[in-house]
Amino acid sequence: MRAVVFAYHNVGARCLRTLLARGMRVELVLTHPDDPGENLWFERVADVAAEHGIPVLLVDQALDQAQIERVQALRADYLFSFYFRRMLPQPVLDCARVAALNMHGSLLPRYRGRVPVNWAVLHGETETGATLHLMQARPDAGDIVAQQAVPILPDDTAREVFDKVTVAAEIALWHVLPALLRGEVPRSPNRLERGSYFGARKPEDGRIDWSRPAAQVYNLIRAVAPPYPGAFFEAGGRRLLVARARLAAPALAAALEAGAPEGLHLRAGALLARCGDGGVLHLQQVWDSAQPGLALEPQRIAHLLHHPS
């Protein structure tokens, strides 16, 4: 069986390797050029293709006509999309002789749309996974071909969950590939009425509101922790990012008097945050957004809080 692969990010790299390991003949890889404005913490699909001598085309905003025609001319049995960041036009989907398949980072029909791992962590989910499904014009709406679930532990960050989802994608693809290589495409209904759809998130969505319940604030911190843009608050005219936090242990939370107002407090050498429901967070590592990766001392943060300009 022959395939054209549209891929990006770690999921793209691992799934491309999985196809090759199972014996799928990959004729062409389409991926995205590096964005100099993005934190490139993930593996480059172009490097994986180069290791295996597979031709690569770079796609920025959309496929151009020459790229579409090249894909069509290959008459591949399968098209695979693994974390490719652009919707594929219908003429491209139509040229797959057997099926056009996409790997999505959730347990469809839940969390259709953009950044599904971040949304799942933000909403306090205890499970997510990866779903291989048939592609159609409507995003993440085609029949389900394979799924693999993974747990979300209470203190997992989105990066840690994304790493699990990458493995889940590899497992789901590995198990279904023998059938696909025979030209058989298992499918079950993707019941959209039972699911949900979410759009993209912006860095500004990471602003912390200490009046929210502690669990909600903590889920936000986990959902956008580095290498994502980070949950933040402002002090002393600076934007400070919460790189790591925990729900405060009872003994530490007790250091904050019951009448302490919402917001940040320095107690017992620790930076604590009182939230709207009375819950307490321990901010274990905070960065100045102008110097990401460099942790600030709690005393320094307390000083900024009391000197707003």
Side-chain angles (χ1 to χ4, degrees), residues 1-32 40-54 56 76-85 88 96 98-108 110-112 114-121 125-135 140 142-153 156-182 184-188 190 227:
M1 288 286 179
R2 300 161 56 249
V4 171
V5 174
F6 298 79
Y8 195 61
H9 220 290
N10 289 345
V11 171
R14 292 306 308 175
C15 287
L16 176 55
R17 287 194 171 99
T18 302
L19 290 180
L20 297 170
R22 277 295 203 191
M24 183 73 69
R25 182 177 168 184
V26 177
E27 302 281 3
L28 178 67
V29 167
L30 296 95
T31 188
H32 303 299
L40 300 177
W41 54 271
F42 42 83
E43 192 171 8
R44 297 179 72 252
V45 169
D47 292 341
V48 179
E51 290 173 10
H52 294 274
I54 303 169
V56 173
D77 300 292
Y78 290 100
L79 299 183
F80 290 99
S81 177
F82 302 131
Y83 268 64
F84 195 71
R85 290 178 166 178
L88 301 184
V98 179
L101 303 173
N102 175 63
M103 186 69 75
H104 185 71
S106 77
L107 296 176
L108 291 177
R110 302 193 70 191
Y111 294 100
R112 296 170 54 234
R114 303 291 296 276
V115 294
V117 168
N118 306 78
W119 282 114
V121 175
E125 300 288 357
T126 59
E127 183 180 67
T128 189
T131 302
L132 187 69
H133 67 93
L134 288 159
M135 275 190 284
D140 309 321
D143 285 350
I144 293 168
V145 175
Q147 279 189 327
Q148 177 66 44
V150 292
I152 302 177
L153 304 186
D156 280 345
T157 66
R159 167 64 191 273
E160 290 166 332
V161 177
F162 186 86
D163 289 344
K164 296 181 189 183
V165 168
T166 301
V167 176
E170 182 176 345
I171 292 170
L173 184 61
W174 177 263
H175 286 306
V176 79
L177 267 170
L180 298 182
L181 288 165
R182 296 192 299 269
E184 302 167 5
V185 183
R187 59 181 69 191
S188 58
N190 186 3

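Residue numbers start at 1 and run along the sequence shown. It should be emphasised that the depicted structure is a prediction, and the values quoted were computed from it without experimental measurement.
Within the 4.5 Å cutoff, the side chain of Glu127 has no heavy atoms near those of the Pro151 side chain. Counting only heavy atoms from C-beta outward, the side chains of Arg159 and Pro227 approach each other to under 4.5 Å. Annotation: side chain of Leu20 is in contact with side chain of Ile54 (closest heavy-atom distance under 4.5 Å). Here the side chains of Phe6 and Val4 are in contact, with some heavy-atom distance below 4.5 Å. Put simply, the side chain of Leu132 does not reach to within 4.5 Å of the side chain of Gln147, judged on heavy atoms. Within the 4.5 Å cutoff, no side-chain heavy atoms of Val121 are placed close to those of Asn118. With contacts defined as side-chain heavy-atom distances shorter than 4.5 Å, the pair Thr128/Pro116 does not qualify. At least one side-chain heavy atom of Glu51 sits less than 4.5 Å from a side-chain heavy atom of Arg17.
Going from atom CG of Leu101 over to atom SG of Cys15 covers 11.5 Å, rounded to the nearest 0.5 Å. Rounding to the nearest 0.5 angstrom, the gap separating the OH atom in Tyr111 from the OG atom in Ser106 is 9.0 Å. The distance from atom CG of Leu28 to atom CZ of Arg2, rounded to the nearest 0.5 Å, is 11.0 Å. Residue Ile152 holds its CD1 atom at 7.0 Å from OG1 of Thr126, rounded to the nearest 0.5 Å. The distance from the CG atom of Asp47 to the OG1 atom of Thr31 is 9.5 Å, given to the nearest 0.5 Å.
In terms of heavy-atom proximity, Ala169 sits nearest to Met103 at O-CE, 3.4 Å. Closest heavy-atom contact between His32 and Arg85: NE2-N, 2.9 Å. Counting all heavy atoms, side chain and backbone alike, Val176 lies closest to Ala146 at CB-CB, 4.0 Å. Minimum interatomic distance between Val165 and Gly129 (heavy atoms only, all atoms of both residues): CG1-O, 3.7 Å. Across Ala168 and Val150, no two heavy atoms sit closer than the pair CB-CG1, 3.8 Å. Between Trp174 and Ala21 the shortest heavy-atom distance is CZ3-CB, 4.1 Å.
Taking the six-membered ring for Trp and thresholds of 30 and 60 degrees, Phe162 and Tyr83 have ring planes more than 60 degrees apart, a perpendicular arrangement.
Checking side-chain atoms of Asp163 against main-chain N and O of Glu160 turns up no donor-acceptor pair under 3.5 Å. Using a distance-only test at 3.5 Å, with no hydrogens or angles considered, no donor-acceptor pair links the side chain of Thr18 to the main chain of Leu173. No donor-acceptor pair closer than 3.5 Å links the side chain of Ser81 to the backbone N or O of Asn102. A donor-acceptor contact shorter than 3.5 Å links the side chain of Arg112 to the backbone of Asp140. Although no hydrogens or angles enter the test, the distance criterion places no donor-acceptor pair under 3.5 Å between the side chain of Asn10 and the main chain of Phe42. Proximity of a side-chain donor or acceptor of Tyr78 to a complementary backbone N or O of Val5 within less than 3.5 Å is not detected.
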**OP:** Step by step, work out the side chain to side chain contact (heavy atoms under 4.5 Å, CB included) result for Met1 and Leu180.
**Re:** CA-CA 8 Å; Met1 288 286 179; Leu180 298 182; over 6 Å; no

**OP:** List the steps, then state whether side chain to side chain contact (heavy atoms under 4.5 Å, CB included) holds for Leu108 with His133.
**Re:** CA-CA 9 Å; Leu108 291 177; His133 67 93; 3.6 Å; yes

**OP:** Kindly indicate, with the supporting measurements, whether the criterion side chain to side chain contact (heavy atoms under 4.5 Å, CB included) is fulfilled by His175 and Ile171.
**Re:** CA-CA 6 Å; His175 286 306; Ile171 292 170; 3.4 Å; yes

**OP:** For the pair Glu125 and Arg110, evaluate side chain to side chain contact (heavy atoms under 4.5 Å, CB included) and give the outcome as yes or no after the intermediate values.
**Re:** CA-CA 11 Å; Glu125 300 288 357; Arg110 302 193 70 191; 2.6 Å; yes

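Partner of Glu170 under the salt bridge (charged side-chain N to carboxylate O under 4.0 Å, His left out) criterion, chosen from Arg22, Lys164, Arg14: Arg14.
Checked against the 6.0 Å centroid criterion, the rings of His9 and Phe84 do not qualify as a close aromatic pair.
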